[in-house]
There are 2 protein chains.
Amino acid sequence: MNKSNSQYSNIRNQNKNEILEDYVEAIQEIAEIKGDVKNSDLSIHFGVSQATVNKNLKRLINFNLAKSEPYRSIFLTKEGKKLAAISREKHEIVYQFLLKLGVSKKVAQYDSEGIEHHVSEETLRLMKKFNK
Amino acid sequence: MNKSNSQYSNIRNQNKNEILEDYVEAIQEIAEIKGDVKNSDLSIHFGVSQATVNKNLKRLINFNLAKSEPYRSIFLTKEGKKLAAISREKHEIVYQFLLKLGVSKKVAQYDSEGIEHHVSEETLRLMKKFNK
DNA sequence: TGTCATTTTTAGCCTAGGCTAAAAATTATA
DNA sequence: TATAATTTTTAGCCTAGGCTAAAAATGACA
Ligand SMILES: [Mn+2]
Ligand SMILES: [Mn+2]
Ligand SMILES: [Mn+2]
Ligand SMILES: [Mn+2]
């Protein structure tokens, strides 16, 4: 995949994983709340067109994170569920950390949505520790 | 739609600003160290091809952040210098914050490179306070 | 000064993530 | 059960950020 040893290339790569993580997290959440997940749910959730959701979904399916028969509901694969759990956990740790730091709920929600994709295991562990 | 109020669209937008911030920061740094800045310096710095640097530079010029006559050195505009200063300051606060948290130097360097683009003013202020 | 090496630019290709408009399929309802 | 409304998919477009290969300009130096 990424053969460059520059840290910058890795950051740009994180930006590509970002959308995958956000999607599996959203699919899991919506599945829990509404039972099933449709294209239109994701379109509303992310504030993008249904055509865009459809295209991104194809990427998720390609990465074996989700599956969906044409015109039917969307499901996570085992792999997708695993990534969803990891992403949610990570998101939650960062969110709680920001609150602990003193950041307002609204801003913590906003910032954690971006920061979550850029914290390494080491940083995450220290945030978790700080939260206790 | 296009003027979506979804936080996700804003995060994707932050990813687009990211490259602008990293470029002006790098141009400023290299200018201070070596006196002038060439395409090849940035190519090495970011680990991308010179063609890619050239293209990104066009975007910077378009945004009135940098200027450069063909085949000559690269300079920041007043606006570019301003963004460079802000970016560097932000980067430094996040970096020092991670160190203070207990993150190793290497990982702090790496994580701050990504996180810097996703911290709001409020969070930044609290990190700064934590650093003291 | 003329030639060669290096650097920069251009051209053309790719993937990802957006959009709109229209076609196709599904779902609701008269 | 037809028909209408809704949803999903497809097609085609755009920008951004990558790449390689080749052309053009600059710089070194014999
Ligand atoms: Mn998340
Ligand atoms: Mn996110
Ligand atoms: Mn930076
Ligand atoms: Mn950065």
Side-chain angles (χ1 to χ4, degrees), chain A residues 1-24 26-27 30 34 36-63 65-75 113-114 117, chain B residues 1-24 26-27 30 34 36-63 65-75 113-114 117:
Chain A
M1 293 233 161
N2 166 34
K3 292 195 165 93
S4 170
N5 58 345
S6 165
Q7 75 183 307
Y8 294 100
S9 317
N10 292 326
I11 305 279
R12 310 282 176 249
N13 252 27
Q14 285 174 356
N15 290 341
K16 292 188 179 171
N17 293 337
E18 188 169 317
I19 207 165
L20 299 178
E21 292 176 12
D22 284 346
Y23 266 67
V24 293
I27 291 168
I30 294 165
K34 319 200 9 172
D36 67 339
V37 184
K38 313 298 261 359
N39 187 309
S40 53
D41 296 319
L42 294 171
S43 165
I44 290 163
H45 185 265
F46 289 111
V48 298
S49 72
Q50 299 202 161
T52 294
V53 167
N54 212 259
K55 211 186 259 189
N56 287 335
L57 218 40
K58 292 237 164 92
R59 262 193 88 221
L60 264 83
I61 291 168
N62 240 148
F63 279 107
L65 294 169
K67 53 183 184 297
S68 172
E69 294 303 306
Y71 296 96
R72 319 242 38 212
S73 295
I74 296 155
F75 301 93
E113 194 57 69
H117 309 286
Chain B
M1 328 196 180
N2 40 354
K3 277 280 183 296
S4 172
N5 57 348
S6 166
Q7 72 183 307
Y8 295 99
S9 317
N10 292 327
I11 304 278
R12 311 280 177 252
N13 254 24
Q14 285 174 356
N15 291 340
K16 292 188 180 171
N17 293 337
E18 189 168 317
I19 207 164
L20 299 178
E21 292 176 12
D22 284 347
Y23 265 68
V24 293
I27 291 168
I30 294 164
K34 317 198 16 169
D36 67 339
V37 184
K38 314 298 262 356
N39 186 311
S40 53
D41 296 318
L42 294 171
S43 165
I44 290 163
H45 185 265
F46 288 112
V48 297
S49 73
Q50 300 202 162
T52 294
V53 168
N54 212 258
K55 210 184 260 190
N56 287 335
L57 218 40
K58 292 235 164 92
R59 263 193 89 219
L60 264 82
I61 291 168
N62 240 142
F63 279 106
L65 295 169
K67 54 184 183 297
S68 173
E69 294 303 307
Y71 296 97
R72 320 239 41 210
S73 294
I74 296 155
F75 300 93
E113 193 58 69
H117 310 286

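Below, chains carry the letters A, B, ... as their sequence lines are ordered, and counting in each starts from 1.
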Exercise. For S40(B), which contact category applies under a 4.0 Å heavy-atom criterion: base, sugar-phosphate, or nothing?
Worked result: sugar-phosphate

Of the nucleotides [options], which one has an atom closest to the side chain of [X]?
{"X": "A51(A)", "options": "dT20(C), dT9(C), dT8(D)", "value": "dT20(C)"}
{"X": "N54(A)", "options": "dT8(D), dG18(D), dA21(C)", "value": "dT8(D)"}
{"X": "R59(A)", "options": "dG17(C), dT8(D), dG18(C)", "value": "dG17(C)"}
{"X": "T52(B)", "options": "dG18(D), dA11(D), dG18(C)", "value": "dG18(D)"}
{"X": "I19(B)", "options": "dT8(C), dT10(D), dG18(D)", "value": "dG18(D)"}

Exercise. DNA chain C: K55(A) or P70(A), which has the more 5' nearest nucleotide?
Worked result: K55(A)

Seminar exercise, completed: The answer to which of S49(A) and D41(B) contacts DNA chain C further toward the 5' end, by nearest nucleotide, is D41(B)

Exercise. Does some side-chain heavy atom of H117(B) sit less than 4.5 Å from a side-chain heavy atom of D22(B)?
Worked result: yes

Exercise. Taking C-beta and beyond as the side chain, do K38(B) and I74(B) meet within less than 4.5 Å on heavy atoms?
Worked result: no

Exercise. Which pair of non-hydrogen atoms, one from S9(B) and one from F46(A), has the smallest distance, and what is that distance?
Worked result: OG-O, 4.0 Å

Exercise. Tell me: NZ of K58(B) to C1' of dT9(C), nearest whole Å?
Worked result: 7 Å

For this session: Taking S73(A) for its side chain and D36(A) for its backbone only, find out whether a donor-acceptor pair lies under 3.5 Å.
Result: no

